[in-house]
Amino acid sequence: MTRYWLMKSEPGSFSWEDLLASPRKTTRWDGVRNYQARNLLRDTIAKGDGVLFYHSNANPPAVVGTATVTRAGYPDPTQFDARSRYHDPRSDPEAPRWFAVDIRAGHALRRPVPLATLRETAGLAKMELLRKGSRLSVQPVTAAEWKIVLKLGGIGG
DNA sequence: GCCAACGTTGGC
DNA sequence: GCCAACGTTGGC
């Protein structure tokens with residue numbers, strides 16, 4: 001069963017344009033250091049799942065494109081890399097603490113959908129992103145929410 | 001830059 | 001197990 005997700009990225013560190021410029025428009029979604037998000041990456045997110053690519057800490061914050069999961073959860077190598085800013089010396093290679101997935105860019109939205117627009121859209125009232133205090137960098141999106149966001153973005157009907 | 005909300009750490 | 005202190009996220 002195909003599921004849908006929203007992934008946040010600060011364009012100052014890795015933007016939608018950076019994803020498009022990546023080899024095969026694919027990147028490893030690594031550096032996630034939150035246990036709830038880790039559980040999703042490790043246990044639930046599957047190859048073929050759809051991703052809304054969201055620019056956080058942006059002006060305006062907005063969903064800007066879609067992506068596809070091309071590789072399901074595997075140990076995030078940055079946790080074992082002493083030179084990485086994501087290095088975690090307490091993670092045991094025999095039982096890795098952090099996981100990553102690979103994603104490939106799908107379509108740019110014809111119109112990015114700003115956070116404010118999401119908030120104004122009735123069918124999205126229960127979106128995780130809109131919950132007060134929500135900070136999950138990887139979060140579930142329902143099929144209905146996915147459809148609505150794509151429509152707002154001018155793709156997918 | 002501010003600050004609310006949340007997660008993690010560590011003393012006890 | 002409690003909770004204060006601290007660090008991070010992310011909108012504004």
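Throughout, protein chains are lettered first and strands after them, A, B, ... in sequence-line order, and every chain is numbered starting at 1. For the numbers below, each heavy atom of this structure counts, side chains included, while hydrogens, waters and symmetry mates do not.
Among residues two or more places apart in sequence or in another chain, the side chain to side chain donor-acceptor pair (under 3.5 Å) test is passed with A:Ser15 by A:Glu17, A:Asp18. Remark: A:Tyr4 engages A:Trp146 in a ring pair (Phe, Tyr, Trp, His ring centres under 6.0 Å) (not counting sequence neighbours). Applying the side chain to side chain donor-acceptor pair (under 3.5 Å) rule to A:Thr2 yields no partners; only residues at least two apart in sequence or on another chain are considered.
Through chains of ILVMFWY side-chain contacts below 4.5 Å, A:Leu20 is grouped with A:Trp5, A:Met7, A:Phe14, A:Trp16, A:Leu19, A:Trp29, A:Val32, A:Leu40, A:Leu41, A:Ile45, A:Val51, A:Phe53, A:Val64, A:Val69, A:Phe99, A:Val101, A:Ile103, A:Val138.
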Protein within reach of the bases, or only the backbone? For nucleotides 5-12 of chain C, mark each nucleotide 5' to 3' as B, S or -, using heavy atoms under 4.0 Å.
--BBBBBS

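In this structure, A:Arg90 reaches the sugar-phosphate backbone alone: every heavy-atom distance under 4.0 Å involves primed, P, OP1 or OP2 atoms, never a base.
Within the structure, side-chain hydrogen bond (donor to acceptor under 3.5 Å, both in side chains) contacts touching residues 112-122 of chain A (residues at least two apart or in different chains) do not occur.
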